[in-house]
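Structure first, then comments.
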Amino acid sequence: MKITRIETFLLPPRWLFCRVETDEGIVGWGEPVVEGRAEVVRAAVDVLAEYLVGRDPLRVEDHWQVLTKGGFYRGGPVLSSAVAGLDQALWDIAGKHYGAPVHALLGGPVRDRARVYAWVGGDDPGELAEQIAAQVDAGFTAVKMNAAGVTRPHASVAEIEGAVARVATAREVLGPERDIAIDCHGRFSAASSRRLLHEIAPLHPLFVEEPLPPEQNHVLSGLVEAGPVPIATGERIYDRSGFLAVLRSGVAVVQPDLSHAGGISEVRRIASLAETFGAHLAPHCPLGPISLAASLQVVFATPNFLIQEQSLGIHYNREADLLSYVLDTEPFRFVDGHATRTELPGLGVTVDEAAVREADRAGHSWRNPVWRHPDGGFAEW
Ligand SMILES: O=C(O)[C@@H](O)[C@H](O)[C@H](O)CO
Ligand SMILES: [Mg+2]
């Protein structure tokens, strides 16, 4: 079998898909994207495709090695995301060729369903209780909310207390059996995060995510050791060596993104690395259906799995959502807050190719908003 063609599709709301065609009629799909830089990743995929076209798609690991290391310069979000999407597509082809779901090729399933969480903004305290109650009604047993909106690096008493009050509201609605995760998005200084973690600890969050931005991860161990709250991070870490550093700092939960951190091949290895630290995998995935399908294939074969992120019902820009480009929505129908394992071959996604080709004509130019503090200074998003 040989790869004959690689195409990319720029799809609203903010995604990029790739389609890898072979001379045997098998087609694989991937989602190579980093939010806000989709066109740049597209260009990277085009360059990497030069190597792949004409080669055997089943040599997934050999291609991963060449694509990540063969260009001498390595890594970063753009290249790692380009490799990630192509890697997903190659695993999709391998599964379809061998007539097996990817999780079977990874050693076979270790679970029948995978717990997922729903996202609730949490910035508006008035709406929070209602939003969480709706997710509980829909069957979810865990939600994730923001710690705060844009905040000063050194959060005020009101900001810290506001965050704690919102988490307390969430805990009240969820009760002691369900879980609440809190995302800081790296918006706080280390000092403010330490204070927040201390105040939030009695509410027993499942984890607190990105208490620091990634470039400050060398001081993460101080936050881990400051209290009992499990720390999660990883959506902005792209390979094993990056995860090794935060695992050494003692994080409890690693959150590689299947579309950023080198795809199925590398996230599988990141999970194994985490296992040796007693840490758990919670793949990041505010992205589209192929990225989520790739995540689920990995977590069905990963013993040290905690919970999966997903974006069902979230409408970035109100243009399209998780189900807009798939013909079979069954793999994304969550029952009692869990995704159910299927035996569909490859990634198990049936892409609506006509919808993809049509949407790509308009494309998108989604960009991260730029936020500012009241004094005019740049604020991290
Ligand atoms: O954990 C999450 O899903 C968020 O931090 C998103 O990655 C962020 O809003 C950028 O898309
Ligand atoms: Mg996050």
Side-chain angles (χ1 to χ4, degrees), residues 11-16 31-38 40-41 77-78 80-81 84 116-123 131 135 140 142-151 163 167 179-188 193 196-197 200 205-217 220 223 229-238 242-243 246 251-261 267 280-289 291-292 294-295 299 306-317 319-322 364-371 379-381:
L11 303 173
R14 55 177 188 171
W15 304 333
L16 185 77
E31 195 169 328
V33 68
V34 64
E35 301 94 303
R37 302 287 182 264
V40 189
V41 181
V78 171
S80 301
S81 298
V116 300
Y117 61 80
W119 183 79
V120 290
D123 297 337
Q131 285 175 343
Q135 300 296 359
F140 290 100
V143 297
K144 188 169 89 180
M145 60 185 276
N146 294 334
V150 173
T151 177
V167 178
D179 282 304
I180 173 82
I182 298 151
D183 195 346
C184 295
H185 302 280
R187 287 172 188 160
F188 294 100
S193 269
L196 180 75
L197 285 164
I200 262 172
L206 181 65
F207 57 76
V208 168
E209 172 176 326
E210 285 200 315
L212 294 179
E215 66 274 16
Q216 293 171 18
N217 277 342
L220 196 56
L223 288 185
V229 177
I231 302 296
T233 198
E235 63 187 82
R236 291 182 275 184
I237 302 175
Y238 312 108
F243 278 96
V246 295
V251 298
V253 182
V254 290
Q255 303 174 298
D257 186 304
L258 266 289
S259 284
H260 302 337
V267 172
H280 286 80
L281 178 73
H284 177 254
C285 192
L287 296 172
S291 190
L292 180 57
S295 304
V299 308
L306 181 67
I307 199 162
Q308 174 65 52
E309 181 174 27
Q310 53 79 30
S311 68
L312 187 70
I314 301 177
H315 292 257
Y316 304 90
N317 298 345
E319 286 172 77
D321 73 359
L322 186 67
H364 71 82
S365 53
W366 191 87
R367 298 287 177 261
N368 306 71
V370 175
W371 286 350
E380 288 218 24
W381 181 45

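Positions are given from 1 along the sequence. In listed order, ligands and their atoms are each counted from 1. Since the structure is predicted, the reported quantities are computational estimates derived from the model, not experimental observations.
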Answer with side chain, backbone, both or neither: which part of R14 has a heavy atom less than 4.0 angstrom from an atom of ligand 1? side chain
Name of the residue among I237, V41, L287 meeting side chain to side chain contact (heavy atoms under 4.5 Å, CB included) with H260: L287
Of all the N, O or S atoms in E235, which one sits nearest to the Mg ion (ligand 2)? OE1
Are the side chain of Q310 and the backbone of Y117 linked by a donor-acceptor contact shorter than 3.5 Å? yes
For ligand 1, is there an atom lying under 4.0 Å from some heavy atom of E209? yes
Applying a 4.0 Å heavy-atom criterion (strictly less than), which segment of E309 is in contact with ligand 1: side chain, backbone, both, or neither? side chain
Give the numbers and elements of all ligand 1 atoms closer than 4.0 Å to a heavy atom of H185. 4 (C), 5 (O), 9 (O)
Looking only at heavy atoms of K144, does any of them come nearer than 4.0 Å to an atom of ligand 1? yes
With atoms numbered from 1 as shown, which atoms in ligand 1 lie under 4.0 angstrom from a non-hydrogen atom of P286? 3 (O), 7 (O)
Nitrogen or oxygen atoms of E35 and ligand 1 under 3.5 Å apart: yes
Measuring to the Mg ion (ligand 2), does D183 have an N/O/S atom at a distance below 2.8 Å? yes
N/O/S atom name from E209 that is nearest to the position of the Mg ion (ligand 2): OE2
Salt bridge or not for E210 and R236, using N-O below 4.0 Å? yes
Is it the case that the side chain of E309 and the backbone of C285 share a donor-acceptor pair, with hydrogens and angles ignored and the cut-off at 3.5 Å? yes
H284 vs E235, side chain to side chain donor-acceptor pair (under 3.5 Å): CA-CA, chis, key distance, verdict: CA-CA 6 Å; H284 177 254; E235 63 187 82; 3.2 Å; yes
Out of all atoms in ligand 1, which are within 4.0 Å of some heavy atom of H284? Include the element for each. 1 (O), 2 (C), 3 (O), 4 (C), 6 (C), 7 (O)
With no hydrogens and no angle check, is any side-chain donor or acceptor of H280 less than 3.5 Å from a backbone partner on V254? no
In ligand 1, which numbered atoms sit nearer than 4.0 Å to a non-hydrogen atom of D183? 1 (O), 2 (C), 4 (C), 5 (O)
Using a 4.0 Å heavy-atom threshold (strictly under), name the region of N368 that reaches ligand 1: side chain, backbone, both or neither. neither
Distance-only, no hydrogens or angles: does the E31 side chain make a donor-acceptor pair with backbone N or O of S291 under 3.5 Å? yes
Heavy-atom donor-acceptor pair, R14 side chain to E35 backbone, under 3.5 Å: no
Given 3.5 Å as the limit, does a donor-acceptor pair link the side chain of H185 with the main chain of R187, or not? no
